[in-house]
J.: 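This is the structure, below, for whatever I ask next.
Residue numbers count from 1 along this sequence. Note that the structure is predicted; figures quoted are calculated from it, not measured.
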Amino acid sequence: EKLERSILWKAEGNDCFKKNEIFKAADSYYHAILYCRDLTQNPQYYPNIGHTIEQRKLAQDLCESVFANLALVQSKYGSTLSLDNKERVKVYGEAVKSASEALKLNPKNVKALFRRGQARAALAKAPMKNSEGQKLYMEAKTDLLAVVQEDPNNREARTELKAVQDHLKRLKKE
């Protein structure tokens, strides 16, 4: 029942995202995660939840997908905020966390790697110390390199990677 409800919340989130209702989409994705998070536990160690190995796998796949979608929604909202807005840093930080949660479930999730790389690069553009900016750009570069390695034809990732490398060079010169 929780799994079915979670799937419905994800579908609702996807519909809201398509309509550009990013707050409603984020809310739906949060609900989807709340409903299926427990089901990602191993039923062997958590028999009181009452789920099977197959349901666990479905819940893990669902959580992975929803966390990646949530990272996209958070990044989209972050991109609407000005560079000096304090909320921007918080929102992109949440996008990094969401993408990282998806990557805990599947370290090779290309979408989550790309979204985390993008969010880290966006965070690095905020006013901060040079060393902090370099650290964020290096983390973004690592994520984006992994995306390009997994999917060499991903033009968007290659473009983002080049921009990150250029920003990194500029910071190192400073």
J.: Salt bridge between E174 and R170, side-chain N to carboxylate O under 4.0 Å?
T.: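 Yes, E174 and R170 are salt-bridged.
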
J.: Could K125 and Y92 be counted as a cation-pi pair, given that NZ or CZ must be under 6.0 Å from the ring centre and within 45° of the axis?
T.: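 K125 over Y92 ring: no.
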
J.: Establish whether M128 and V96 are linked, either directly or via other cluster members, by ILVMFWY side-chain heavy-atom contacts under 4.5 Å.
T.: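 Yes; V96 is reachable from M128 via cluster members.
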
J.: What's the separation between atom NZ in K86 and atom CG in L81, rounded to the nearest 0.5 Å?
T.: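 Spacing of NZ (K86) from CG (L81) equals 13.0 Å.
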
J.: Kindly compute the distance separating NZ (K10) from CG (N69), expressed to the nearest 0.5 Å.
T.: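 It is 5.5 Å, given to the nearest 0.5 Å.
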
J.: Any idea which heavy atoms bring S98 and Q74 closest together, and the distance?
T.: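 So the minimum-distance heavy-atom pair works out to OG-OE1, 2.8 Å.
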
J.: Side-chain contact test, heavy atoms from C-beta onward, threshold under 4.5 Å: evaluate it for L171 versus Q134 and give yes or no.
T.: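 Yes, close enough: below the 4.5 Å cut-off.
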
J.: If you link ILVMFWY side chains whenever their heavy atoms are less than 4.5 Å apart, which other residues fall into the same cluster as L105? By chain and number, please.
T.: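 Answer for L105: none, a lone residue.
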
J.: Tell me whether Y30 shares a hydrophobic cluster with I22, the cluster being built from Ile, Leu, Val, Met, Phe, Trp, Tyr side chains joined at under 4.5 Å.
T.: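 Yes, because Y30 and I22 connect within a single hydrophobic cluster, where side-chain heavy atoms sit under 4.5 Å apart.
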
J.: Do Q165 and L161 touch side chain to side chain, with heavy atoms closer than 4.5 Å?
T.: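 Yes, at least one pair of side-chain atoms sits under 4.5 Å.
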
J.: Is there a chain of hydrophobic side chains (I, L, V, M, F, W, Y, each step under 4.5 Å between heavy atoms) that links L34 to F23?
T.: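 Looking at the clustering, F23 is in a separate group from L34.
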
J.: Of all the heavy-atom pairs spanning L113 and P107, show the shortest one and how long it is.
T.: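 The answer is CD1-O, 4.0 Å.
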
J.: Walk me through whether Q55 and K2 qualify under side-chain contact (heavy atoms from CB on, under 4.5 Å).
T.: CA-CA 10 Å; Q55 289 169 325; K2 279 185 171 184; over 6 Å; no

J.: Verify, without hydrogens or angle tests, whether R115 (side chain) and S75 (backbone) share a donor-acceptor contact under 3.5 angstrom.
T.: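 Absent.
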
J.: Between A71 and A99, what is the shortest heavy-atom contact and its length?
T.: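 What the structure gives for the nearest pair is CB-N, 3.8 Å.
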
J.: Main chain of D61, side chain of S65: is a donor-acceptor contact present, judged purely on distance under 3.5 Å?
T.: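 No, S65 side chain to D61 backbone: no donor-acceptor pair under 3.5 Å.
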
J.: Minimum heavy-atom separation for L103 and N109, please, with both atom names.
T.: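 Taking every non-hydrogen atom into account, CD2-O, 3.6 Å.
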
J.: Do E87 and Y77 have side-chain N/O donor and acceptor atoms under 3.5 Å apart?
T.: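 Their side chains do contain a donor-acceptor pair, which is all the 3.5 Å distance test asks for.
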
J.: Can you tell me if Q149 has over 12 outside heavy atoms packed within less than 6.0 Å of its CD?
T.: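 It does not: Q149 CD has 12 such atoms or fewer within range.
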
J.: To the nearest 0.5 Å, how far apart are CD in E132 and CG in L123?
T.: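 Here the rounded value is 11.0 Å.
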
J.: Should L8 and F67 be regarded as members of a common hydrophobic cluster, given that ILVMFWY residues are connected when their side-chain heavy atoms come within less than 4.5 Å of each other, either directly or indirectly?
T.: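 Hydrophobic grouping puts L8 apart from F67.
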
J.: Checking salt bridge (charged side-chain N to carboxylate O under 4.0 Å, His left out) for the pair K135/E139: CA distance, chi angles, key distance, verdict?
T.: CA-CA 6 Å; K135 182 179 180 282; E139 291 170 346; 2.9 Å; yes

J.: State yes or no: do I7 and V73 share one hydrophobic cluster built from I, L, V, M, F, W and Y residues joined by side-chain heavy-atom distances below 4.5 Å, directly or via other members?
T.: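 Linked within one cluster.
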
J.: Where do Y137 and V164 come nearest, in terms of heavy atoms and distance?
T.: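 Looking at all heavy atoms of both residues, the closest pair is O-CG1, 3.4 Å.
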
J.: Would you confirm whether R56, through its side chain, and T40, through its main-chain N or O, come within 3.5 Å as a donor-acceptor pair?
T.: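 Yes, the answer is positive, given that a donor and an acceptor are paired below the 3.5 Å cut-off.
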
J.: Determine yes or no for a side-chain-to-main-chain donor-acceptor pair under 3.5 angstrom, with S28 supplying the side chain and K24 the backbone.
T.: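 Yes, S28 side chain to K24 backbone: donor-acceptor pair under 3.5 Å.
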
J.: So does K97 pair up with E94, basic N to acidic O under 4.0 Å?
T.: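 Salt bridge present between K97 and E94.
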
J.: Within this structure, what is the OG1-NZ distance for the pair T52 and K57, rounded to the nearest 0.5 Å?
T.: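 Going from the OG1 atom of T52 to the NZ atom of K57 covers 13.0 Å.
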
J.: Decide whether S100 and R116 meet the rule of one side-chain donor and one side-chain acceptor closer than 3.5 Å.
T.: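 Their side chains do contain a donor-acceptor pair, which is all the 3.5 Å distance test asks for.
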
J.: For the atom pair CD (Q60) and CD (Q41), what is the distance rounded to the nearest 0.5 Å?
T.: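 The CD atom of Q60 sits 9.0 Å away from the CD atom of Q41.
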
J.: So does K162 pair up with D166, basic N to acidic O under 4.0 Å?
T.: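 Between D166 and K162 there is a salt bridge, with a charged N closer than 4.0 Å to a carboxylate O.
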
J.: To the nearest 0.5 Å, what is the distance between CZ (F114) and CG (D143)?
T.: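 Result: 11.0 Å between the selected atoms.
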
J.: If you compare all heavy atoms of E160 against all heavy atoms of A121, which two are closest, and at what distance to 0.1 Å?
T.: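 Looks like OE2-CB, 3.8 Å.
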
J.: Using 4.0 Å as the upper bound for N to carboxylate O, is an ion pair formed by K104 and E101?
T.: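 Judged by the 4.0 Å cut-off on N to carboxylate O distance, E101 and K104 do form a salt bridge.
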
J.: Counting only N and O atoms by type, is there a donor-acceptor contact under 3.5 Å from the side chain of H31 to the main-chain atoms of W9?
T.: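 Flag not set: sc H31 to bb W9 has no pair under 3.5 Å.
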
J.: L58 versus L62: any side-chain heavy-atom pair under 4.5 Å?
T.: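 No, too far: nothing below the 4.5 Å cut-off.
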
